[in-house]
Amino acid sequence: FRSALRKGHAAATLEDYVKAESYYLQAADLGSAEAQCVLGLIYSDSSLTLYDPAKAFYCFNESAQNGYSYGKYYLAICHLYGIFTDIDYVEGFYWMKLAADDYVDEAISFIEQINATTFNLQNILTGGYTFSYPGI
């Protein structure tokens with residue numbers, strides 16, 4: 001699957017997301033959790049014609065279940081903020097902790113922010129905390 005993954009990254013770099021999707025789908029079908037995560041990113045981008053919230057959530061979930069660190073992080077974000085699914089803090093924190101345990105900087109920062117504040121979770125989530133997708 002590495003060849004398909006590399007070709008997907010090259011196509012995404014050229015912003016040919018339709019071609020990238022085909023390569024990422026090949027890699028994902030061959031077991032690449034990274035490809036599943038990147039597909040989630042593509043499907044979650046509302047500026048692209050490939051935008052599909054249901055597919056985005058499915059791909060993040062598959063990636064996380066298959067152990068990919070950023071898949072865990074994005075699945076956590078989906079659950080914590082109600083993106084493409086209902087808000088579920090328990091599930092969100094479960095995946096965020098696993099992502100932090102995998103040394104995902106964004107997940108570590110998220111958990112540190114929660115540990116350093118006296119605000120409740122609702123205030124943190126509706127406050128100034130933001131997340132961003134790393135470049136594809």
Side-chain angles (χ1 to χ4, degrees):
F1 65 77
R2 297 199 191 290
S3 174
L5 190 61
R6 279 193 301 275
K7 289 177 182 178
H9 289 331
T13 300
L14 297 173
E15 297 183 8
D16 185 347
Y17 295 109
V18 172
K19 185 182 278 187
E21 177 195 31
S22 69
Y23 287 121
Y24 288 134
L25 285 169
Q26 289 174 25
D29 287 344
L30 294 171
S32 173
E34 179 180 355
Q36 293 166 333
C37 184
V38 177
L39 282 166
L41 292 172
I42 290 172
Y43 295 140
S44 69
D45 187 338
S46 62
S47 71
L48 300 177
T49 58
L50 295 169
Y51 177 70
D52 188 325
K55 283 184 180 179
F57 184 78
Y58 174 82
C59 289
F60 289 141
N61 187 57
E62 288 295 302
S63 179
Q65 296 289 339
N66 288 318
Y68 189 63
S69 301
Y70 273 95
K72 296 172 190 178
Y73 173 72
Y74 290 121
L75 184 60
I77 291 296
C78 288
H79 284 297
L80 291 170
Y81 289 91
I83 299 170
F84 313 135
T85 190
D86 293 332
I87 289 175
D88 184 337
Y89 295 135
V90 173
E91 192 75 6
F93 276 107
Y94 170 79
W95 289 109
M96 190 64 74
K97 174 74 169 87
L98 290 178
D101 289 347
D102 286 350
Y103 304 102
V104 173
D105 290 339
E106 296 87 344
I108 292 168
S109 295
F110 186 94
I111 294 196
E112 285 175 350
Q113 180 180 358
I114 289 171
N115 288 338
T117 185
T118 58
F119 293 113
N120 68 32
L121 177 61
Q122 189 68 27
N123 289 337
I124 292 167
L125 294 176
T126 58
Y129 187 82
T130 59
F131 68 96
S132 62
Y133 298 135
I136 295 177

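On a predicted model such as this, the values are computed, not experimentally measured, just so you know. Throughout, numbering of the chain's residues begins at 1 and tracks the sequence.
Looking only at distances, no side-chain donor or acceptor of S63 sits under 3.5 Å from a matching main-chain atom of C59. Checked by atom type and distance alone, the side chain of S109 pairs as donor or acceptor with a backbone atom of D105 at under 3.5 Å. Checking side-chain atoms of Y24 against main-chain N and O of G8 turns up a donor-acceptor pair under 3.5 Å. No donor-acceptor pair closer than 3.5 Å links the side chain of T85 to the backbone N or O of G82.
Cluster membership check: L30 does not share its hydrophobic cluster with L25, using side-chain heavy-atom separations under 4.5 Å among Ile, Leu, Val, Met, Phe, Trp and Tyr.
Taking CD of E91 as the reference point, atom CG of D86 lies at 12.0 Å (rounded to 0.5 Å). Atoms CZ and NZ, on R2 and K7 in that order, are 15.0 Å from each other to the nearest 0.5 Å.
At least one side-chain heavy atom of L48 sits less than 4.5 Å from a side-chain heavy atom of I42. Put simply, the side chain of Y43 reaches to within 4.5 Å of the side chain of L39, judged on heavy atoms. The shortest side-chain heavy-atom distance between I87 and Y81 does not fall under the 4.5 Å cut-off. Looking only at side-chain heavy atoms (C-beta outward), S32 and Y68 stay at 4.5 Å or farther from each other.
Contacts classified as side-chain hydrogen bond (donor to acceptor under 3.5 Å, both in side chains) and involving residues 46-58 (residues at least two apart or in different chains) are given here: D45-S47.
The shortest non-hydrogen separation linking A64 to L75 is CB-CD2, 3.6 Å. Across all their heavy atoms, S69 and A99 have their closest contact at O-CB, 3.9 Å. For the pair A35 and A28, the tightest heavy-atom approach, listed with the atom from each and the gap, is CB-N, 3.7 Å. K97 and D101 get closest at one heavy-atom pair: NZ-OD1, 2.7 Å. Residue A76 comes nearest to G92 through the heavy atom pair CB-O, 3.3 Å, listed as atom of the first residue, atom of the second, then distance. The heavy-atom pair separating Y103 from I108 by the smallest distance is CA-CD1, 3.8 Å.
F57 pairs by the ring-ring contact (aromatic ring centres under 6.0 Å, His included) definition with H79, not counting sequence neighbours.
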Evaluate N66 against Q36 for side-chain contact (heavy atoms from CB on, under 4.5 Å), listing each step before the verdict. CA-CA 9 Å; N66 288 318; Q36 293 166 333; 3.0 Å; yes
Intermediate values then yes/no, side-chain contact (heavy atoms from CB on, under 4.5 Å), F60 and S44: CA-CA 10 Å; F60 289 141; S44 69; 4.2 Å; yes
Between Y23 and H9, does the ring pair (Phe, Tyr, Trp, His ring centres under 6.0 Å) criterion hold? Intermediate values first, please. CA-CA 9 Å; Y23 287 121; H9 289 331; over 10 Å; no
Set out, in order, the CA-CA distance, both residues' side-chain angles and the distance that settles side-chain hydrogen bond (donor to acceptor under 3.5 Å, both in side chains) for Y70 and E106, then state yes or no. CA-CA 9 Å; Y70 273 95; E106 296 87 344; 3.0 Å; yes
Check the pair M96, I77 against side-chain contact (heavy atoms from CB on, under 4.5 Å), reporting the backbone distance first and the verdict last. CA-CA 8 Å; M96 190 64 74; I77 291 296; 3.8 Å; yes
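Grouping Ile, Leu, Val, Met, Phe, Trp and Tyr by side-chain contacts under 4.5 Å, direct or through others, leaves L14 on its own.
Between F93 and F110, the angle of the ring planes lies from 30° to 60°, which puts this pair in the tilted group.
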